[in-house]
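Have a look at the structure below before the remarks.
Order of listing sets the numbers, starting from 1, for every ligand and every atom in it. Worth saying up front: this structure is predicted, and the values here are computed from it rather than measured.
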Amino acid sequence: MRHLLPPLPYEYAELEPHIDAHTMMLHHDKHHASYVMNLNSVLKDFPDLHERTASWLLLNLSKVPEKIRAAVHHNAGGHVNHSLFWRAMSPTGDGAPTGLFADAIRRDFGGFELFKALFDDAGAKLFGSGWVWLARTQHDGGKLEVSTTSGHDNPLMRGHFPLLVNDVWEHAYYLKHENRRADYLKAWWSVVNWEEATDRFERSDRMAEDIRESEGESLLESPA
Ligand SMILES: [Fe+2]
């Protein structure tokens, strides 16, 4: 079992009332777990890939045999993105970014509220299943960008370092919010882990370089 399901960094119910415990249980123990299980299963007969991390696999799909490439893409992406997503939230979240991170948000979006509106709008407009991101790009001195990805793609596949992510697959919100994705996006701000996002921002220069050198090995690295 090369790939392991990381434990949630909090209890299922700790994000209540914003995200319900049942959704958290299913999302982590069933959905994320199935990506991990399927990734291990699909790699079973490919020992050359057994030592590779999920993020390496996602960023080096051209090196993965074609017959398992689509399955590795989907399941490694699901594993990487959910691992980032659990840490993007916290029971003691809410609040707002501070320091240089706050300055960068002001510079690139015109203000914190404008950034949040852009993020919510991107999440609401994403057609089908996917993710909404705040990422640090590699242009204009590391400009911040809000973007979406379909399926389980990650901005790092375009060379942009992820700082914050929200899951907008229906399994993330349907039990509580049904079809009202905009309500979920709004509620989610109450559980955002700004400490984690700030840490990722502060480390993003070095991380981007590390990731290039390691071909993605450190994407899942947990900040201290
Ligand atoms: Fe999900």
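Between N154 and L84 the shortest side-chain heavy-atom distance falls below 4.5 Å. For the pair L49/L57, a side-chain contact is recorded, criterion being any heavy-atom separation below 4.5 Å from C-beta on.
Here the angle at the Fe ion (ligand 1) defined by NE2 in H27 and NE2 in H82 stands at 100°, rounded to 10 degrees.
Taking 4.0 Å as the cut-off between side-chain N and carboxylate O, K125 and D121 count as a salt-bridged pair.
When the N, O or S atoms of D167 are ranked by distance to the Fe ion (ligand 1), OD2 comes first. The Fe ion (ligand 1) lies closest to atom NE2 when only the N/O/S atoms of H171 are considered.
Less than 6.0 angstrom separates the ring centroid of H139 from the ring centroid of H160.
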